[in-house]
Amino acid sequence: MATPAHELDLPALDLLGVERAEAVAALKAAREQHWLARNPLGFTVTRYDDVVAVLRDRRFHSALSLLPAMSGVSDEFLQNRQQRSILAMEGPEHARLRRLVAPAFSPKGADRLRPFMRQVVGELFDAVAPSGRCELVADVCEPYPIPIICELLGAPKEDWKLFSAWATDIFRIFNGDLAGDLPRIKAAAAELDDYVRAMIAERRSDLRDDLLSAMIAAEEQGDRLSTDELVMMTEAVLMAGTDTTRNQLACSVALLAQHPDQWALLAERPELASQAVEETMRHLGAVAGTARVAAEDVELHDVVFPAGTLVMTSLATANLDPAKWPEPERFDITREPTTSPQLTFGSGIHYCLGASLARAELQEALPLLARRMPDLALDGPIEWKPANVGIWGPARLPLRFTPA
Ligand code: HEM
């Protein structure tokens, strides 16, 4: 007989306001006790196989559209916007969209931008190189992804600053003061909307070699994306593809800065870039978890989650599961890939659409920085963002190195 989840005797987690390292320690302790833990909003799964099982289970839906209500905001504009996002869509609607857009996000499309990625990181780093010191977040990580996304979409260089400002303002959704930030969020979203609509109108008569044109041209058995869908996808790419990449780059460098032997190894052997990206994302992912809501009564491992139950998946502890990696805590960029991929890009139908692009961005940035920053060391304490922010990493990463 299956037991309702709320009747189980489970480890209890209350991680609000708790630092990331402490939160991961508590999640790991819970992982040892039971496959499921209780949290103030619902439940948490902490083991690799269970995280994958929840993320692949169509009976669990994305919880993104619940965010405004959970923050105490009942704004129609925001509600509609969140619900329309690919991240919140489910069922045949989501499947249709993924089928149409997926080819435009191919590894080949990402590879095409690699020389441009090297150029952008190289130029950002040139500005600080002679001094032998930098604050990597402000100097390199923050500005890095916007030109790449703009180039990918096909937005002209003179407009990059606009995209950067819109992304910053729209990201206020996650800053914890949704009510106070709402006017700025709405204004930025409206401006971005207008801009993208104009861009789409232009491309419709003049297709080019960019992501927006590829999405306009995408067709499957006579089906095409509507203008509203194209606008939503462009905004999703801007929103999902900037803060994630910049935080992940900072997390990855912060980790490598604390393992100088592996930093030196990466400088010497740039062919380790791909393994270094997977291993740093496994140890310190910018996205530590994602949430799902039971769309119907769901029975899993003899436990019933009534419809409406919130289930958090801990990507951070799944990535350190001893059932999947020998000595999971050992950080080693020469680790051979296993059959279980690290989960910082998620799993299942919402698996990150930009994973090839993000991997390419990190694979280009890390060895370049390793080569140009020999003798890397922390130049003061790392300031971390509060652990409750959805996309997490260092707020400040002061570094020193021997100028090459
Ligand atoms: C290191 C950087 C990145 C990380 C860690 C990351 C992580 C994730 C995760 C965990 C999800 C799934 C969320 C869920 O299941 O609730 C996701 C979805 C998504 N990501 Fe990424 N992402 C990154 C970079 C990017 C980039 C560069 C782009 C765009 C070019 C992008 C576009 C998307 C989109 C559109 C989705 C939604 C897919 C869907 O719902 O079907 N991401 N990402």
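Below, each value reflects all heavy atoms present in this structure, side chains not excepted, and no hydrogens, waters or symmetry copies. Both counts, for ligands and for their atoms, begin at 1 and track the order of listing. Predicted model only: the values in this text are computed from it and were never measured.
Using a 4.0 Å cut-off to heavy atoms of Ile86, the atoms of ligand 1 that qualify are 39 (C), 40 (O), 41 (O). Within ligand 1, counting atoms from 1 as listed, the ones closer than 4.0 Å to a heavy atom of Ile349 are 41 (O). Near Thr344, meaning under 4.0 Å from one of its heavy atoms, ligand 1 places the atoms 5 (C), 7 (C), 10 (C). For ligand 1, the atoms closer than 4.0 angstrom to any heavy atom of Leu357 are 27 (C), 30 (C).
At the top of the distance list for atom 40 (O) of ligand 1, counting protein heavy atoms only, stands His350 ND1, 2.6 Å. Of the protein's non-hydrogen atoms, the one nearest atom 13 (C) of ligand 1 is Leu87 CD2, 3.9 Å.
Using a 4.5 Å heavy-atom threshold, the side chains of Arg98 and Glu93 count as separate. Annotation: side chain of Glu383 is not in contact with side chain of Glu135 (no heavy-atom distance under 4.5 Å). Here the side chains of Leu230 and Val196 are not in contact, with every heavy-atom distance at 4.5 Å or above. Residues Val253 and Met373 form no side-chain contact, since every pair of their non-hydrogen atoms from C-beta on lies 4.5 Å or further apart.
Classification of Asp159 and Lys157 as a salt-bridged pair fails, no side-chain N sitting under 4.0 Å from a carboxylate O. Between Asp111 and Arg359 there is no salt bridge, since none of the side-chain N atoms of the basic residue sits less than 4.0 Å from a carboxylate O of the acidic one. Asp210 and Arg203 are joined by a salt bridge, as a carboxylate oxygen and a charged side-chain nitrogen come within less than 4.0 angstrom of each other.
Backbone and side-chain nitrogen or oxygen atoms of Arg292 are examined, and one is located within less than 3.5 angstrom of a nitrogen or oxygen of ligand 1. Taking only nitrogen or oxygen atoms, main chain and side chain alike, Thr245 does not reach within less than 3.5 Å of ligand 1. At least one N/O-N/O distance between Arg98 and ligand 1 falls below 3.5 Å. Considering both main-chain and side-chain atoms, Thr290 comes within under 3.5 Å of ligand 1 through a nitrogen or oxygen pair.
Ligand 1 is approached by His94 to a heavy-atom distance shorter than 4.0 Å. For the pair Met233 and ligand 1, no heavy-atom separation below 4.0 Å is found.
Applying the side chain to side chain donor-acceptor pair (under 3.5 Å) test to every pair with at least one member in residues 143-152, sequence neighbours left out, gives no pairs at all.
Looking at Gln248 against ligand 1, only its side chain comes within 4.0 Å, counting heavy atoms.
Between Phe43 and Phe305, the ring-plane angle classifies as perpendicular under the 30° and 60° cut-offs.
At distances below 3.5 Å, not a single donor-acceptor pair connects side-chain atoms of Arg335 with backbone N or O atoms of Gln275.
In this structure, Arg20 is positioned above the aromatic face of Trp392, its NZ or CZ under 6.0 Å from the six-membered ring centre and within 45° of the axis.
For Arg114, the CZ atom counts as densely surrounded, since its 6.0 Å shell holds more than 12 non-hydrogen atoms of other residues, nucleotides or ligands.
Neighbouring protein atoms of atom 21 (Fe) of ligand 1 (N, O or S, distance under 2.8 Å, waters ignored): Cys352 SG.
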